[in-house]
*Asks:* 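Starting off with a structure, shown below.
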Amino acid sequence: MLATAASLAAMAVHDLVPGAQAEGKAAGDPEPLTVHTFGDSVLDCGHYNDRGITPGALLVRNDDALFPEFKGRDLQTLGPTRLLHCAQDGATVDSLPAQLPRGAPPARGVALLTVGGNDLLRGLASDSGPGVRAFENKLDAFLMSLRVRPVYLGTVYDPTFGDDSRNFLGVPASIARANHRRVNEVIARLAQRHGRLVDLHAHFLRGEPAWFTRTIEPSLLGASEIRRAFLRAVCPSCLR
């Protein structure tokens, strides 16, 4: 399934017509690729920076003035692409079904999903077992109901960079880290079953405090780094 999702993603991006414009389409032009975002503030972080920029928006069309490194390295460059932003700050696994768009999915689409951080903040960090199992069942059900493929699931990052002295949860670090690991293991298992994993946790462990604002939320730089991780999965050739 993992290889299938990667192949589908490559086909979806490769099928775009280079140089085509996103604004409108003439007869014979391909349907735009729709990038869907689902989940929490990792993808819905525009109100945490003064530009209103989200990772999904950067994935579709880079801001060349802010991030010249990514000039020409976005999906828009490859062909007509649009963003359908459904992620909502504060979302948990229980609120994911409300984000599902109505109607038939577009013929050509990919989905990005980040969830689990708020679930940890609201109780899973101290879970003794059943909470994480329930999280897995609910996330599995959502992914089965999601009609967009391929889907890319991001792991839950660690804003403390593995430093127990930065623990802000009110839960012993050893317990919180064990449950954080369990949640990410759930996401990895479901990514293997339904799509592809994007390891935000590993990427952000190599990051810096400037990637965050308000302790846990992605800053403008953090939004770009989230974009980097997803772009590497959705379109590896864009980062070569």
*Asks:* Is it the case that the side chains of Asn184 and Arg181 hold a donor-acceptor pair, with the cut-off being a distance below 3.5 Å and no angle test?
*Replies:*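 The answer is no; no qualifying pair exists.
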*Asks:* Determine whether a donor-acceptor pair (N or O, by modelled atom type, separation under 3.5 Å) exists between the side chain of Tyr157 and the backbone of Gly117.
*Replies:*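 No, the answer is negative, given that no donor and acceptor are paired below the 3.5 Å cut-off.
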*Asks:* Does a side-chain N-to-carboxylate-O contact under 4.0 Å join Arg228 and Glu225?
*Replies:*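 Yes, this pair counts.
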*Asks:* Measuring only between side-chain heavy atoms, which start at C-beta, is Leu143 closer than 4.5 Å to Leu153?
*Replies:*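 Yes. Closest side-chain heavy atoms under 4.5 Å.
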*Asks:* Applying side chain to side chain contact (heavy atoms under 4.5 Å, CB included) between Phe135 and each of Val115, Asp94, Thr92, Asp140, report the one that passes.
*Replies:*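 For Phe135, the side chain to side chain contact (heavy atoms under 4.5 Å, CB included) test succeeds with only one of Val115, Asp94, Thr92, Asp140, which is Val115.
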*Asks:* Verify, without hydrogens or angle tests, whether Gln99 (side chain) and Gly39 (backbone) share a donor-acceptor contact under 3.5 angstrom.
*Replies:*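 Yes, because the side chain of Gln99 sits within donor-acceptor range (under 3.5 Å) of the backbone of Gly39.
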*Asks:* State whether the side chain of His36 and the backbone N or O of Val110 hold a donor-acceptor pair below 3.5 Å, judged by distance alone.
*Replies:*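 Indeed, once roles are kept as given, a pair shorter than 3.5 Å links the two residues.
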*Asks:* State which residue, out of Trp211, Phe204, Phe212, fulfils the ring pair (Phe, Tyr, Trp, His ring centres under 6.0 Å) condition with Phe161.
*Replies:*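 For Phe161, the ring pair (Phe, Tyr, Trp, His ring centres under 6.0 Å) check succeeds only for Phe212.
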*Asks:* Say you draw a straight line from CG of Asn49 to CG of Leu221; how long is it, rounded to the nearest 0.5 Å?
*Replies:*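 Output value for this atom pair is 10.5 Å.
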*Asks:* Would you call Glu136 and Val132 a side-chain contact if the rule is heavy atoms closer than 4.5 Å?
*Replies:*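 They are not in side-chain contact.
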*Asks:* How far apart are the closest heavy atoms of Ala229 and His203, and which atoms are they?
*Replies:*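 In terms of heavy atoms, the two residues are closest at CB-CD2, 4.4 Å.
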*Asks:* Could you tell me which non-hydrogen atom of Asn62 sits nearest to which non-hydrogen atom of Asp64, and how far apart they are?
*Replies:*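 Here Asn62 and Asp64 meet closest at ND2-OD1, 2.9 Å.
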*Asks:* Should the ring pair Phe70 and Phe67 be called parallel, tilted or perpendicular, given that the plane angle runs from 0 to 90° and is split at 30 and 60?
*Replies:*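 Aromatic pair Phe70/Phe67 classed perpendicular.
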*Asks:* Examine Arg214 relative to Tyr48 and say whether NZ or CZ is less than 6.0 Å from the centre of the six-membered ring and inside a 45° cone about the ring axis.
*Replies:*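 Cation-pi check for Arg214 and Tyr48: fails.
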*Asks:* Is there a side-chain contact between Asp164 and Arg177 (heavy atoms, below 4.5 Å)?
*Replies:*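 In short, these two side chains touch, coming nearer than 4.5 Å.
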*Asks:* Where the side chain of Thr81 meets the backbone of Gly79, is there a donor-acceptor pair that is under 3.5 Å apart?
*Replies:*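 Confirmed, Thr81 side chain pairs with Gly79 backbone.
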*Asks:* List the residues meeting side chain to side chain donor-acceptor pair (under 3.5 Å) with Thr155, not counting sequence neighbours, and say none if there are none.
*Replies:*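 Applying side chain to side chain donor-acceptor pair (under 3.5 Å) to Thr155 gives Asp199.
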*Asks:* Could you check if a side-chain atom of Asp74 sits within less than 4.5 angstrom of a side-chain atom of Val60, using non-hydrogen atoms only?
*Replies:*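 No, side chains not in contact.
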*Asks:* Taking Asp119 for the side chain and Val93 for the main chain, is one N or O donor matched with an acceptor at less than 3.5 Å?
*Replies:*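 Yes: the side chain of Asp119 pairs with the backbone of Val93.
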*Asks:* Going by the side-chain hydrogen bond (donor to acceptor under 3.5 Å, both in side chains) test, which pairs reach into residues 165-176, not counting sequence neighbours?
*Replies:*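 For residues 165-176, and leaving out neighbouring residues, the side-chain hydrogen bond (donor to acceptor under 3.5 Å, both in side chains) pairs sorted by first residue read Asp163-Ser165.
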*Asks:* Within the side chain of Arg196, is there an N or O that forms a donor-acceptor pair under 3.5 Å with the backbone of Ala233?
*Replies:*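 Here the side-chain-to-backbone pair exists.
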*Asks:* Are the side chain of Arg108 and the backbone of Glu31 linked by a donor-acceptor contact shorter than 3.5 Å?
*Replies:*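 Answer holds: yes.
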*Asks:* Can a donor-acceptor pair be found, under 3.5 Å and without considering hydrogens, that links the side chain of Thr213 to the backbone of Pro218?
*Replies:*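 No; judged by distance alone, with no hydrogens or angles, the pair does not exist.
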*Asks:* Side-chain contact, heavy-atom cut-off 4.5 Å: Leu113 with Leu96?
*Replies:*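 Side-chain contact under 4.5 Å: yes.
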*Asks:* For Asp158 and His180, run side-chain hydrogen bond (donor to acceptor under 3.5 Å, both in side chains): C-alpha distance rounded to whole Å, both residues' side-chain angles, the deciding distance at 0.1 Å, then the answer.
*Replies:* CA-CA 9 Å; Asp158 174 9; His180 182 194; 5.1 Å; no
*Asks:* Does the side chain of Ile226 reach to within under 4.5 Å of the side chain of Phe230, using non-hydrogen atoms?
*Replies:*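 When only atoms from C-beta onward are counted, Phe230 and Ile226 do touch, with a gap below 4.5 Å.
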